[in-house]
Enquirer: 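Right, I'll just put the structure down here and ask away after.
All chains are named by letter (A, B, ...) in the order of the sequence lines, taking the proteins before the strands, and each is independently numbered beginning at 1. Hydrogens, waters and symmetry mates are skipped; everything else that's a heavy atom, side chains included, is used. In this text the structure is predicted, and so the values were computed from the model without any measurement.
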Amino acid sequence: KKLQEHPYTVFTVDYFKSPTGLQSAVNALYSGMRFNYGPEGAVGITCDGTDEWTYADQPRTGAGGTADYLTLGNYTLDASNGAILTPWNRNYSNINLANAVVDFAPGVNMDSTLRNTIVAQARFLRGLYYLLLVEQFGAVPLDLGSGDLHFNSKPYQGFNRLPTADLLVKDYQAMINDFTYATQYLPDQRPANAFVLSKAAAYLMLARTYIFRGYSAAKQSSDFQNAYNAAMEVINNQAKYGTSLLQNFADVNKQGNEYNPEILYSVERIPGDNNDNEVGNPSSIGGGKGVDASNDFTPDYTSVKSPTASSSTAPCATRTQLYGRPIRRFCPTAWLYNVAFADKYNDSRYDGSFRTVWLATQAGGGFNVGDTAFVLAYTNAMADSMNAIPKPYRVIAPREFYIIGGTTTQNIYPSLSKYEDSKKQQANDQGGRPFPVAKLSEMYLLAAEAAFQIGNINQAVTLLNVIRERAAYRPGLSASDLATRVAAMDINASQVTLDFILDERTRELCGESLRWPDLAMRGKLIERVKLYNPDGAAKIQPFHSLRPIPQSQLNATADNNRAQYQNPGY
Amino acid sequence: QSTQQRKVVKGVIVNEKNEPVAGASVSVQGNNIGTTTNEAGAFSLSVPEKCVLVISYVGYQKKYVSINANTTNVSVQLQTANNDLDQVIVVGYGTQRKRDVTGSVSSVNEQALRDVPVANMQQALQGKAAGLEIQTVGTTPGSGAQIRIRGTRSISGSNEPLLVLDGIPYDGNLNDINPDDVASVEILKDASATAIYGSRGANGVLLVTTKRGKAGATRVSYSGYYGIGTVSNKYPVFNAAEYQAMRNISPWNQGYMPLELASIAAGKSTDWQNLMYSNSHKTDQNITVSGGTSNGSTFSLGGGYYNETSLLPGQDFTRYSVRATIDSKIGNKIKIGLNTMNTVGVTNGSQFVNPMFPILALSPLMPAYDSAGNIIKAPNGNNDDNQTQYSPLLLKHNNNNWVDRVRRLRTFNSLYAEIEILKGLKYRANIGLNYTQEEDDQFQASDLPTNPSYFRAQKGNTAYVNNAEAWGYTVENLLIYDKAIKKHRFNFTGLYSIQEYHTHNTSVSKDSITDNFSQFYALGLSNPTPAPVVGGGEQSWALISYMGRLNYNYDNKYMLTLTGRIDGSSRLANGHKWHQYPAVSAGWNLNNEQFFRNSKFFSNNFNSLKLRAGFGQTSNQSINPYSSLGLVSNNNGLAAPGNVIRYNYGPTVVTGYNVSALPNPNLDWEYTKTVNVGVDFSILKNRISGSIEYYHQHTDKILYSVVLPPTSGVSGNYTTNVGSMENKGMEFTVSTVNIQNHHGFSWSTDLNLFFNKNKLLSLSSGIQQDIANQLFVGYSMTAIYDYKKLGIWQKNEAAQAAKYGSVPGQIKLEDHSGPGGKPDGVIDPNNDRYVIGNGDAKLQGGMTNRFAYKNFDLSVVAYARFGGLLVSQIHQPVASYLTVMDGKRNGIKVDYWTPNNPTNWFPEPSTSISPISTAWTTLGYYNASFVQIRSINLGYTVGESLLKKVYAQSIRLYFTVDNVAFLFSPYKNQTGINPIGTNVGNAGVGNPGNLRSGSNGMVTISASTPLPRNFIVGANISF
């Protein structure tokens, strides 16, 4: 009897066959999404090497790799790149946990509505975990060792990826099935101050997945129509689903306004609460669950000299929580601030997405804390005319913005402000704000794209103009001024192309961990990187629209022919 | 001769501790005159006027004393013999004469343990016994070692040998034992010696025997030393000019800091190592009182104090120990005894105090002090680091800025009673009881303008407390029967034992303590947010055993040992809990055979010759409790305190659970079968003695914690039985008396040499390579699987380099193979990585030379390893480690390529050192061979006449230098760094991915507190 083990601190898998166990599993599934939204690896694989973003001057010191963000950005990455491990190493264990919930729930004695909601949440999240993998790697296993979409408890060392073409078809169908189930069994609305999953978020994911499939080798003729139907269900019934567009674009991602009705689903965190955000070492970079995005896009504002480039005063030399840690991992392409946001006047979304004004963070050299320290001008001409007037601060022209290989040594460029977090405990900490995953504005853009693809151009124009007209609004504008701007923002049917829709997605969703899959899944990655991203243009090749299967996965696969599992080209 | 005049010589014979030796034989060389000493060690003998007395006693070297016309009184001190076959050594559950031993046992006696004054037992044992491999895994005070007996057998189970202290299994580590309390250590190596420990014997057994009292007058002994440590070897870093040269061609584009420009202009530089290192010191003080009555009741009481500081501030280790042994006889039939050992160890600076990175990485162009002489708070050569990295000089004064303390109380007690039931039949009960309490305290003060906090630059304070207790007991019932019938001798030992062990810990970490003043003592005095993070754990295991052993000896010629043991362990799955361990071994003393005596060759040359052979099975249950059960946990595997799966729905915080380990209902032990053959010999009048052994171990059902591919959906490891492996090797031990003349000069040598070859024979998955788990069939467990670096692409190879996407100055890798089995002009991870070497030494050993002249003695201890690869993580430039040469910081000095410096060692400092993203690992492999003079010791024993004046029985004074020099080390020649391990497994900032982690990992080198060279003076005195 002494030889029987009676552990006090160990739960077994049977725990998931109880109501509390099922809820704990779902909590873990929500929590696992933190890996995919905010951490540096997730930001890197969705932003770096696109038309929007390229690597900045410190791509080399990624945790665990020498140059992960350099090689992602200039398309010299190999299978040992560390950033691609973020979804690969994190998502399957959550998929398997979702499988456990789906497998075990029918046998758990509990209220059936509650059970259906739990299963719907698990299936939504399983679908999203899969989507995040398929976007990057193409076909990925549905069979983890115990059959397709079933909980695996075997020490399985195989890798069920072949043949990839057949598997991709099954992957898409599995995701569509999961999101469809979620649109049926999730609650209509989310709570006002929490992002518990609801139907609207499921419809968005369903629409996105149908559109992606519509461009893929697994496409079906009804995909765009289905995407349109899913998106319009929410657009047409906003009250039912508890969502609406905000009046002011800049408010959507504003700190303190995270639970606004435009956002359907965010991966949640509590600002400044590192322990509950699962951030043990908030000043480390990457590898965890914190929002590295709040620092990754930050230029080196601390070294900018003012009032002139030759002055010895750096009025922002002290870092602040709001401005963040200037990690300078990613910087915008010139196309982003010069072309996509060419109209920074009528379109409020440039100012609503980027920080262009910094206030002094330390006294000295004629500056007091809080004085304007330097400003990034919309255009070179604007900078020149403003600099003609003597002033105590400096105006920096776009031609002075840092670009790779350029001669400017100051690391300044428009800084993505969507993840700024003034409630961090220290300036160097990772951010802790909820990270938006699904917004009503994207629903309009997906609906417009689906309408365009099924030939309903006028409907596409209507939907796009809803978003564009909203972007004209700025607080304090007179009614007539606003009307003029709205008119300037309106487009007509002749302007609608897939490229225009992609441009519009940039303006609306820039930096929201969507861009790389947006381009890759629509077959636009190679073309647009070659056009708009000089750092990636030289080496990008068609095979780069899929990432390599991580070498560590192949190393752990019990098969002497490991190369057959790799995506072509790597 | 008969005409020679005779006279009476009186004398006293004492042993190495100046205790009288009773029953020693005293004879006249070349004559048949002789006598033996009495209880007081005294003798009186009528001898010729001039002659040589030969004094001999079992277990001691023979001593020759010249008698001349004036000699009437002699005083002789005997030295223990390492090689005497009549020496009694400790074996499992008993003792045996060395002559009768049939298994493979190495013995390290007290004198060998005393050669070097040491902090702990592992240092005392290193290089002292064949087959015992001890590699240091840290250079900070109180750090441990990796101990292997005859190599590695288990991948995931423990490979640490079982430690048995005075007969009771000891669950602490060697660091908990005061070396001064130890009388001898026996190392049981083959299955016939260890099978008696069954499921715990697979990794060999270290039997530690502590000192006990001896009959006679009460004695007081003191031993102590004091030493000063200096830096034996600074890390080579770029000096100011070299740093500038590197930085100017590096990718760094932010220029120099104003203070750096000032230093350049003034030609100043800063040597951060010189500023930070200061001499360490260590001291050891022990007092023992012992004695006993003539009926055999004895006692020994002792206390000790040990303290060691480091070359760096904030690191030290202190041990207090109290010990008592009592052996008492009740009548003639009953013996009872008690041994209690109690130690308190306090280690400071082992948890987070490690400032080596900034010491080596700070710019030599930055001044350390401002013009007023104050420490510059943030002296980094770049703005980024100044936000997070303060000057390590701040560590020189604590100012209530941090606490990093581990306090470990350990009490280990064993009680025995022995009853002689009949003549030859004894019953013995052993009860062991031990308890350990450990508290780990951490505190890091908040950063204040008036008192900068090195560990919390620009942050608030944080504290952590972990309390762990462990207790266990062992109950053993032994029946021992001795019987001799004419020339047959039997000894039977039977055992039934139960062992249980429990451990439990609770930890709390808390930020935002109200005031730095309260440190970690009152975590409640803090802001409610952030909430405290609480952790805890529990483990229990039990082991039930039955054992029987029969020793048979015929006429001292033939010996046979039969052992059987049955073990039941709680750790394994139901249905797999019980297993039996048989072992058999035999020995043959040829020197007792008639033909041996008749043979001129044998009898003239050999004093003894013994053949031994044994076979047996042992196993390894050293897997964690509950491994067979599977695990669902709320741990996310991330850094504490954020390591609990949490989520929030708005303001509502919840906890999540996920599968972290799969259940394994078939988990079984791993089994090792060992064949051992050996020869023990003693030749040339016992002046050369030694042994040669060969062994072969076959381990089946290796316990293995498999890393599954992520697509299995289980992120944790899976412990299971896979595959088989072998270890085979030879051991050679010899002790020689090179010179021993009647002028009193002697020179003797102990040498041991051994090698072990490890090979993985098969994996049950049937595959040849499991790369993720570092398993390669046909190769060693320490195989390194990687690209092979050929050098650096040179200017005249530009065209060839371009084919591989490289340019001159980048790392040149071998194009080993391709999809067609031939080099294909592409470097890819599936075809060009292979097993490029392993970490095993091809040959290793130790040598101790002892010289004695009159009252002086001198010993030199050397240790050597030959062959194998060394993994120098300090030379693997990943992330921001020390050879990354990105210009942002200084680092370890290496010879890097430039167009004008065509080296093949390091690539050119540039953003890309290779198009292969993992090529940086290849810069870390070096030849691991070295020969080290570990210590030189000079001793002086005070003579009889002076002793009497101070009423002392013996006084020995000594002077020692340790870590003397590396006579040979290709790694040190190239890099300037000592080839001594600092860690096990990955300890760089990036994981190369091809090093096994955990306690079975390879020993690696990273930046660590430098090894001190200690100069020690000490004394051993007894009254």
Enquirer: As an exercise: rank B:Gly713, B:Ser660, B:Ala772 by heavy-atom pairs under 4.5 Å with chain A and give me the winner.
Expert: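 The candidate making the most pairs under 4.5 Å is B:Gly713.
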Enquirer: Of the backbone (N, CA, C, O) and the side chain (C-beta and beyond), which part of B:Pro915 lies under 4.5 Å from a heavy atom of chain A, both, or neither?
Expert: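 The answer is the backbone of B:Pro915.
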Enquirer: With a 4.5 angstrom heavy-atom cut-off, is it the side chain or the backbone of A:Arg90 that approaches chain B, or both, or neither?
Expert: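 A:Arg90 touches chain B through side-chain heavy atoms alone.
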Enquirer: Based on non-hydrogen pairs under 4.5 Å, which of B:Asn636, B:Val707, B:Asn383 is most in contact with chain A?
Expert: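 That would be B:Asn636.
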Enquirer: Which atoms of B:Leu631 are under 4.5 Å from chain A, going by heavy atoms: the side chain, the backbone, both sets, or neither?
Expert: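 Interface part for B:Leu631: both.
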Enquirer: Would you check, one step at a time, whether the test side chain to side chain contact (heavy atoms under 4.5 Å, CB included) holds for A:Phe35 with B:Leu638?
Expert: CA-CA 11 Å; A:Phe35 283 120; B:Leu638 299 173; 4.2 Å; yes
Enquirer: Between B:Tyr626 and A:Glu5, what is the shortest heavy-atom contact and its length?
Expert: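 Residues B:Tyr626 and A:Glu5, closest heavy atoms: N-OE2, 3.0 Å.
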Enquirer: Using non-hydrogen atoms only, which part of B:Asn643 is less than 4.5 Å away from chain A: side chain, backbone, both, or neither?
Expert: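 When you check distances to chain A, no heavy atom of B:Asn643 falls under 4.5 Å.
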Enquirer: Could you tell me which non-hydrogen atom of B:Gln387 sits nearest to which non-hydrogen atom of A:Ala317, and how far apart they are?
Expert: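 Reported closest heavy-atom pair: NE2-O, 3.8 Å.
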Enquirer: To the nearest 0.5 Å, what is the distance between OG1 (A:Thr76) and CD1 (B:Ile916)?
Expert: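 One finds 10.0 Å between OG1 of A:Thr76 and CD1 of B:Ile916.
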Enquirer: Rounded to the nearest 0.5 Å, how far does OH of B:Tyr718 lie from OG of A:Ser153?
Expert: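 It comes to 9.0 Å.
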Enquirer: Please examine the side chains of B:Ile645 and A:Tyr30, heavy atoms only from C-beta on, and report whether any two atoms are closer than 4.5 Å.
Expert: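 Answer no - side chains too far apart.
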Enquirer: State whether a side-chain donor-acceptor pair under 3.5 Å links A:Asn27 with B:Tyr649.
Expert: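 A pair is found: one side chain offers a donor N or O, the other an acceptor, under 3.5 Å apart.
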Enquirer: When only pairs under 4.5 Å are counted, which of A:Tyr15, A:Tyr259, A:Phe16, A:Phe151 shares the most heavy-atom pairs with chain B?
Expert: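 Most pairs with chain B among the choices: A:Phe16.
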Enquirer: For the pair A:Arg328 and B:Asp384, find out whether any cationic side-chain nitrogen is under 4.0 Å from an anionic carboxylate oxygen.
Expert: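 Result for this pair is yes, salt bridge flagged.
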Enquirer: Looking at every non-hydrogen atom in both residues, tell me the closest pair between A:Ser80 and B:Ser917 and how far apart they are.
Expert: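 So the minimum-distance heavy-atom pair works out to CB-OG, 3.3 Å.
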Enquirer: Less than 4.5 Å to any heavy atom of chain A: does that hold for the side chain of B:Glu500, its backbone, both, or neither?
Expert: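 B:Glu500 touches chain A through side-chain heavy atoms alone.
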Enquirer: When heavy-atom pairs shorter than 4.5 Å are enumerated against chain B, which of A:Arg562, A:Gln425, A:Glu268, A:Gln551 gives the highest number?
Expert: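 That would be A:Glu268.
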Enquirer: Any chance you could measure B:Thr918, atom OG1, to A:Asp78, atom CG, to the nearest 0.5 Å?
Expert: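 The CG atom of A:Asp78 is 6.5 Å from OG1 of B:Thr918, to the nearest 0.5 Å.
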Enquirer: Name the option with the most non-hydrogen atom pairs under 4.5 Å to chain A; the candidates are B:Thr655, B:Asp828, B:Val826.
Expert: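 Most pairs with chain A among the choices: B:Thr655.
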Enquirer: Measure the shortest side-chain to side-chain distance between A:Ser93 and B:Asn658 over non-hydrogen atoms and say whether it is less than 4.5 angstrom.
Expert: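 Of all side-chain heavy-atom pairs linking B:Asn658 with A:Ser93, at least one is under 4.5 Å.
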Enquirer: Would you mind telling me which of A:Thr71, A:Val26, A:Ile270, A:Asn94 has the largest number of heavy-atom pairs within less than 4.5 Å of chain B?
Expert: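 The option with the most such pairs is A:Ile270.
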Enquirer: I need the residue from A:Asn275, A:Asn277, A:Val13 with the largest number of non-hydrogen atom pairs under 4.5 Å to chain B.
Expert: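 Most heavy-atom pairs within the cutoff with chain B belong to A:Asn275.
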Enquirer: Going by the angle between their ring planes, with limits at 30° and 60°, are B:Tyr657 and A:Phe11 parallel, tilted or perpendicular?
Expert: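 B:Tyr657 vs A:Phe11 ring planes: parallel.
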Enquirer: Tell me, for B:Lys577 versus chain A, whether the close heavy atoms (under 4.5 Å) come from the side chain, the backbone, both or neither.
Expert: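 Side chain of B:Lys577 only, per the 4.5 Å heavy-atom cut-off to chain A.
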Enquirer: What part of A:Leu77 gets within 4.5 angstrom of chain B, counting heavy atoms only: side chain, backbone, both, or neither?
Expert: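 For A:Leu77, there is no contact with chain B at all, as no heavy atom is under 4.5 Å.
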Enquirer: At a heavy-atom separation under 4.5 Å, does B:Ala661 approach chain A through its side chain, its backbone, both, or neither?
Expert: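 No part of B:Ala661 comes within 4.5 Å of chain A.
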Enquirer: Does the side chain of A:Gln426 reach to within under 4.5 Å of the side chain of B:Arg456, using non-hydrogen atoms?
Expert: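 They are not in side-chain contact.
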Enquirer: Compare all side-chain heavy atoms of A:Asp276 with those of B:Asn648 and state whether any distance is below 4.5 angstrom.
Expert: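 In short, these two side chains do not touch, never coming nearer than 4.5 Å.
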Enquirer: Which one of A:Gln553, A:Lys289, A:Glu278 has the most heavy-atom pairs closer than 4.5 Å to chain B?
Expert: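 Counting heavy-atom pairs under 4.5 Å, the top option is A:Glu278.
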Enquirer: Any side-chain heavy-atom pair from A:Asn193 and B:Pro651 closer than 4.5 angstrom?
Expert: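 Sidechains of B:Pro651 and A:Asn193: in contact.
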Enquirer: So which part of A:Asn81 gets closer than 4.5 Å to some heavy atom of chain B, the side chain, the backbone, both or neither?
Expert: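 For A:Asn81, the contact with chain B is made by the backbone alone.
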Enquirer: Please report the C-alpha distance between A:Gln157 and B:Asp770 in whole Å, then the side-chain angles of each, then the deciding distance to 0.1 Å, and finally whether the side chain to side chain contact (heavy atoms under 4.5 Å, CB included) criterion is met.
Expert: CA-CA 10 Å; A:Gln157 286 186 276; B:Asp770 186 339; 3.4 Å; yes
Enquirer: Under a 4.5 Å cut-off applied to non-hydrogen side-chain atoms, are A:Gln23 and B:Val654 in contact?
Expert: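 They are not in side-chain contact.
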Enquirer: Any donor and acceptor pair, going by atom type alone, linking the side chain of A:Ser31 with main-chain N or O of B:Arg646 inside 3.5 Å?
Expert: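 Yes; at least one donor-acceptor contact below 3.5 Å.
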Enquirer: Is there a donor-acceptor contact under 3.5 Å linking the side chains of A:Lys154 and B:Ser712?
Expert: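 Distance-only check fails for A:Lys154 and B:Ser712.
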Enquirer: With a 4.5 Å cut-off on side-chain heavy atoms, are B:Val714 and A:Asn96 touching?
Expert: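 A:Asn96 vs B:Val714: side chains touch.
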Enquirer: Which atoms form the tightest heavy-atom contact between B:Pro641 and A:Gly280, and what is the distance?
Expert: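 Minimum heavy-atom contact is CD-O, 3.4 Å.
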Enquirer: Identify which part of A:Asp300 has an atom lying under 4.5 Å from any heavy atom of chain B, answering side chain, backbone, both or neither.
Expert: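 Contact with chain B is through the side chain of A:Asp300 alone.
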Enquirer: Does any backbone or side-chain atom of A:Ser266 lie under 4.5 Å from a heavy atom of chain B? Answer side chain, backbone, both or neither.
Expert: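 Interface part for A:Ser266: backbone (N, CA, C, O).
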Enquirer: Just give me the residue among B:Gln769, B:His504, B:Gln539 that pairs up with chain A most often, heavy atom to heavy atom, under 4.5 Å.
Expert: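 Ranked by heavy-atom pairs under 4.5 Å with chain A, first place is B:Gln769.
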Enquirer: How close do A:Tyr92 and B:Pro710 get, counting heavy atoms only, and between which atoms?
Expert: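 It is CB-O, 3.1 Å.
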Enquirer: Walk me through it: do A:Leu3 and B:Ile544 pass the test side chain to side chain contact (heavy atoms under 4.5 Å, CB included)?
Expert: CA-CA 8 Å; A:Leu3 303 184; B:Ile544 298 176; 4.2 Å; yes
Enquirer: Shorter than 4.5 Å, heavy atoms on both sides: which option in A:Arg190, A:Gln566, A:Arg34 has the most such pairs with chain B?
Expert: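 Sorted descending by pairs with chain B, the first entry is A:Arg34.
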Enquirer: Where do B:Leu662 and A:Asn152 come nearest, in terms of heavy atoms and distance?
Expert: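 So the two residues come closest at CD2-O, 4.3 Å.
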Enquirer: Are B:Thr711 and A:Pro141 close enough that some pair of their side-chain heavy atoms sits under 4.5 Å apart?
Expert: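 Yes, at least one pair of side-chain atoms sits under 4.5 Å.
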Enquirer: Under a 4.5 Å heavy-atom cut-off, does chain B meet the side chain of A:Asn428, its backbone, both or neither?
Expert: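 Contact with chain B is through the side chain of A:Asn428 alone.
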Enquirer: So what's closer than 4.5 Å to chain A heavy atoms on B:Val653: side chain, backbone, both or neither?
Expert: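 Answer is side chain: those atoms of B:Val653 sit under 4.5 Å from chain A.
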